[in-house]
Protein chains: 2
Amino acid sequence: MEEHPIDARKERILRAIIDDYVLTAMPVGSRTISRKYETSLSSATIRNEMSDLEELGYLAQPHVSAGRVPSAKAYRLYVDGLLSERVQPDPEARAYFSQRVRQMEDVISCAAAAISEFTRYTAVVMMPKQLDLRVSCLQLVPMPRGSALLVIVTDTGAIRDTVIRVSENLDGDALYAISRTLTEHLAGRTLQEVQEMLGAYSRQVGGDDRVIQGIADLAARMASQLAFDTLTIGGSQNILNYPEYSDVEKARAFLSVLEEKQRLMALFAGQGGAYGVRIGPEMGMEEMTDCSVVTARYRAGAGHQGFVGVIGPTRMPYARVLGALSAIGEALSDMLGE
Amino acid sequence: MEEHPIDARKERILRAIIDDYVLTAMPVGSRTISRKYETSLSSATIRNEMSDLEELGYLAQPHVSAGRVPSAKAYRLYVDGLLSERVQPDPEARAYFSQRVRQMEDVISCAAAAISEFTRYTAVVMMPKQLDLRVSCLQLVPMPRGSALLVIVTDTGAIRDTVIRVSENLDGDALYAISRTLTEHLAGRTLQEVQEMLGAYSRQVGGDDRVIQGIADLAARMASQLAFDTLTIGGSQNILNYPEYSDVEKARAFLSVLEEKQRLMALFAGQGGAYGVRIGPEMGMEEMTDCSVVTARYRAGAGHQGFVGVIGPTRMPYARVLGALSAIGEALSDMLGE
DNA sequence: TGTTAGCACTCTCACCCGTTGAGTGCTAAC
DNA sequence: GTTAGCACTCAACGGGTGAGAGTGCTAACA
């Protein structure tokens with residue numbers, strides 16, 4: 001077999017086909033290219049080139065008298081071209097994100113919302129596991145009617161709280177005293193260690209071991225939440241905006257894949273570089289053969305890395321999406337990266 | 001016009017038509033009723049009765065040679081029949097809810113999830129506004145790297161927190177001292193008052209008015225969140241399970257109505273009794289003419305009342321849905337009531 | 001050798017039309 | 001009041017047809 005590297009013109013035509021297809025979602029014919037993109041060439045010439053591109057596996061024909069549709073291989077080429085240049089963070093996306101971050105509590109779910117609203121695709125944000133978490137502070141905040149809010153803060157700044165019952169005669173100062181003791185003894189320990197050590201302290205807090213129990217529960221919950229990478233999804237309904245999913249059955253299949261976060265996680269597993277694009281069949285998941293996943297990395301301090309991403313039809317304006325993700329990834333890195 | 005009260009047999013037939021239509025989503029013919037439900041009557045007799053029922057506005061024909069479909073008026077009659085008896089809380093629904101409540105933090109969103117999963121419809125949970133909120137405690141919890149977690153607790157037990165920057169040389173004790181002062185001065189005040197009073201204290205906290213600013217921000221956010229009834233929605237995609245919405249356009253319209261929480265809120269506004277059923281056109285919203293909303297009230301302590309509900313196609317097993325909502329409403333009342 | 005015009009060919013899509021079957025309304029008999 | 005019977009209506013289905021879009025191929029041209 002002789003080599004068939006595609007020349008500059010073929011590449012230009014291929015790019016035009018992809019652009020047009022992304023725009024219209026309809027198979028692209030030779031006339032369209034000759035009139036809208038390569039006005040110096042006739043449709044017949046384009047036809048010849050398209051025929052070549054098809055033979056090389058870059059194009060496919062839904063049926064003989066339809067135009068051509070780019071294949072996964074074509075998107076791959078296109079995307080590699082994009083990624084070989086510097087991805088330009090989209091300032092508009094960043095502004096969008098910054099504006100919304102004030103309103104919502106959680107930066108991660110906020111990022112997911114911002115991405116999905118901005119790109120109009122489904123957004124995924126992955127938050128890396130944090131195994132090496134150590135308790136930095138532990139505090140009880142008085143609440144009405146014999147309750148208290150237990151707050152645990154880790155050295156990485158993760159916060160969790162829970163309401164526990166305490167004896168009614170503990171006032172704010174008493175709770176603070178307990179908090180001090182607890183913090184003194186537990187600061188610097190990992191969550192696992194905290195759970196193990198709790199038995200020993202139960203005497204020192206006045207026999208009221210609901211506090212101890214509460215800490216143990218919360219520490220356990222925190223540990224289990226943070227021991228795994230977590231995935232947040234935003235704008236899952238956005239898929240309905242695209243004609244690829246105008247069949248309700250398909251849409252439902254897509255949405256149910258989103259429920260299985262464990263499987264989705266696999267998409268980020270082997271991710272090396274700053275950006276990742278997985279095109280349809282490359283993902284090896286039956287249900288996602290006509291989806292693409294675009295991701296950008298962000299830094300969550302201390303060597304941890306997470307990903308922000310978009311899931312949409314393969315027919316996607318990759319440059320625009322990469323720009324948006326890049327901007328939001330940067331913003332997240334700034335916020336979480338210390 | 002003479003009166004046309006429908007007799008017992010007509011009502012039985014109407015009920016059979018509704019039951020069958022709820023099950024199959026297909027227009028119901030006279031033969032079906034005569035064979036499956038009223039075996040002692042011939043289809044011709046049923047036809048006569050159906051013709052009467054149509055004239056009375058209880059049935060409609062999509063086209064002349066199709067069977068009949070119940071009208072909103074029919075559902076209304078049917079539902080009024082249900083509501084005149086005692087609604088039986090569904091113990092299975094309650095078990096389902098209780099089982100899940102452990103796993104999730106927030107009872108409200110947990111309820112929404114449980115309802116939608118159990119009924120397979122879209123769930124709404126309304127949480128009443130809490131205008132009379134007063135600050136009960138205010139505390140700063142030290143965090144690494146010159147941050148602190150600001151926690152505000154109200155007398156009703158609502159909690160909000162936010163991370164603020166503070167000067168690096170404030171240790172835990174110093175933060176507690178500030179917390180004490182703040183609590184002393186602000187406890188018992190409403191959130192509005194707190195916002196107004198903040199200026200006055202800015203000197204007393206060592207000139208570091210990031211703390212003041214943080215409190216003001218958080219108080220404002222809290223006030224705005226709690227000053228209005230809030231709506232939580234669960235299982236919005238469930239609508240895709242029903243043939244009524246196999247048209248993507250319709251599904252999208254439905255989903256986008258769900259986004260406009262303000263408008264949805266109106267559906268609960270005039271709700272008086274323990275249960276409410278709004279059928280299609282009764283809601284006066286163009287987009288919801290073929291939806292129904294079923295709600296049950298719950299008590300959130302201190303005279304506040306909220307609603308749990310389900311939104312689905314008019315063709316809905318109302319008895320089952322009412323039973324489930326009743327059970328979950330009871331469970332919520334128990335949890336939030338005290 | 002690359003480009004282009006022309007033409008026959010293919011295939012989808014939209015439309016028409018007849019057939020089928022479900023379901024009705026009406027009438028007359030029980 | 002109930003029922004059998006019958007004529008009628010209409011959606012749904014399937015086959016047939018024509019228009020349109022787009023291709024591949026060939027031959028001519030630069």
Side-chain angles (χ1 to χ4, degrees), chain A residues 2 4-14 16-18 20-21 23-71 243-244 246-247, chain B residues 4-14 16-18 20-21 23-71 74 243-244 246-247:
Chain A
E2 51 177 327
H4 271 300
I6 70 178
D7 58 37
R9 192 174 74 178
K10 279 196 175 52
E11 200 169 328
R12 247 180 22 244
I13 292 175
L14 184 56
I17 293 173
I18 294 180
D20 200 80
Y21 185 65
L23 214 65
T24 64
M26 306 274 275
V28 186
S30 53
R31 268 175 59 97
T32 312
I33 298 302
S34 127
R35 290 212 293 211
K36 288 210 297 186
Y37 299 89
E38 296 282 334
T39 38
S40 63
L41 295 177
S42 82
S43 67
T45 311
I46 305 288
R47 269 205 292 287
N48 288 328
E49 296 288 43
M50 282 168 106
S51 174
D52 291 352
L53 285 168
E54 180 166 6
E55 206 166 334
L56 292 169
Y58 291 103
L59 294 178
Q61 262 182 310
H63 57 86
V64 61
S65 82
R68 256 80 168 200
V69 164
S71 68
E244 283 87 339
S246 59
D247 175 14
Chain B
H4 270 302
I6 70 177
D7 59 34
R9 192 174 73 176
K10 279 197 175 50
E11 199 170 328
R12 247 181 20 244
I13 292 175
L14 183 57
I17 294 173
I18 294 180
D20 201 80
Y21 185 65
L23 214 67
T24 64
M26 307 274 276
V28 186
S30 55
R31 268 175 59 95
T32 311
I33 298 302
S34 129
R35 289 210 296 208
K36 288 211 297 185
Y37 299 90
E38 296 282 332
T39 39
S40 63
L41 296 176
S42 81
S43 65
T45 309
I46 306 289
R47 269 206 292 286
N48 288 328
E49 295 289 45
M50 282 167 104
S51 173
D52 289 354
L53 285 168
E54 178 165 6
E55 205 166 333
L56 293 169
Y58 291 104
L59 294 178
Q61 264 183 308
H63 57 87
V64 61
S65 82
R68 257 80 167 199
V69 163
S71 69
E244 281 88 340
S246 59
D247 177 14

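So you know, we letter chains A, B, ... as the sequences are listed, proteins then strands, and number each from 1. What you are looking at is a predicted structure, and each value in this text was computed from that prediction instead of being measured.
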B/Arg47 side chain, from C-beta outward: closest of C/dA5, D/dG24, C/dG25: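 Among C/dA5, D/dG24, C/dG25, the one nearest the side chain of B/Arg47 is C/dG25.
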Figure out the [atom1]/[atom2] separation between [X] and [N], and round it to whole Å.
X	N	atom1	atom2	answer
B/Leu53	C/dT24	CG	P	12 Å
B/Met50	C/dA22	CE	P	16 Å
A/Glu55	D/dT23	CD	C1'	15 Å
A/Gln61	C/dC9	CD	P	18 Å
A/Asp20	D/dG22	CG	P	11 Å
B/Leu41	D/dA4	CG	C1'	15 Å
A/Asn48	C/dG6	CG	C1'	14 Å
B/Ile46	C/dG23	CD1	P	14 Å

Taking N or O atoms only and anything under 3.5 Å, show me the protein contacts with nucleotides 8-17 of chain D, one pair per line.
from, atom 1, to, atom 2, distance (Å)
D/dC10, O2, B/Ser65, OG, 3.1

Check whether A/Ser43 reaches the backbone of A/Ser34 with its side chain - one donor and one acceptor, N or O, closer than 3.5 Å.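 It does not hold such a pair.
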Taking A/Gly57's backbone N and O only, do any of them form a donor-acceptor pair with A/Ser71's side chain (distance below 3.5 Å, no angle check)?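 Side chain of A/Ser71 to backbone of A/Gly57: a pair is present.
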Please compare B/Glu49 and A/Ala66 by the position of their nearest nucleotide in DNA chain D and report the one closer to 5'.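 Looking at the nearest nucleotide for each, B/Glu49 comes out on the 5' side.
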Please compare B/Ala44 and A/Arg68 by the position of their nearest nucleotide in DNA chain D and report the one closer to 5'.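 The residue closer to the strand's 5' end, by nearest nucleotide, is B/Ala44.
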Straight-line distance of B/Arg12 CZ to B/Ile33 CD1, nearest 0.5 Å: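 With rounding to 0.5 Å, CZ (B/Arg12) is 11.5 Å from CD1 (B/Ile33).
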Could you measure the distance from the OH atom of A/Tyr37 to the CD1 atom of A/Ile17? Nearest 0.5 Å is fine.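 That separation rounds to 10.0 Å.
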Quick one, [X] and [Y] - any side-chain contact, counting heavy atoms below 4.5 Å?
X	Y	answer
A/Glu38	A/Thr45	no
A/Val69	A/Pro27	yes
B/Ser51	B/Arg47	no
A/Leu14	A/Leu59	yes

If you look at every strand shown and take non-hydrogen atoms under 4.0 Å, does [X] touch a base, only sugar-phosphate, or nothing?
X	value
A/Ser34	nothing
A/Ser30	sugar-phosphate
A/Thr32	nothing

Phosphate OP1/OP2 of C/dT3: any A/Arg9 side-chain N/O under 4.0 Å: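 Affirmative; the distance criterion is met.
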Report the secondary structure of DNA chain C in dot-bracket form, marking unpaired bases with a dot and bases paired to a different strand with |, and treating Watson-Crick or G-U pairs with both distances under 3.5 Å as paired. ||||||||||||||||||||||||||||||
The test is side-chain contact (heavy atoms from CB on, under 4.5 Å); show your working for B/Leu53 and B/Arg68 and say whether it passes. CA-CA 10 Å; B/Leu53 285 168; B/Arg68 257 80 167 199; over 6 Å; no
Do you know which of B/Ile13, B/Leu41, B/Ile6 makes side chain to side chain contact (heavy atoms under 4.5 Å, CB included) with B/Glu49?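 Single side chain to side chain contact (heavy atoms under 4.5 Å, CB included) partner of B/Glu49 among B/Ile13, B/Leu41, B/Ile6: B/Ile13.
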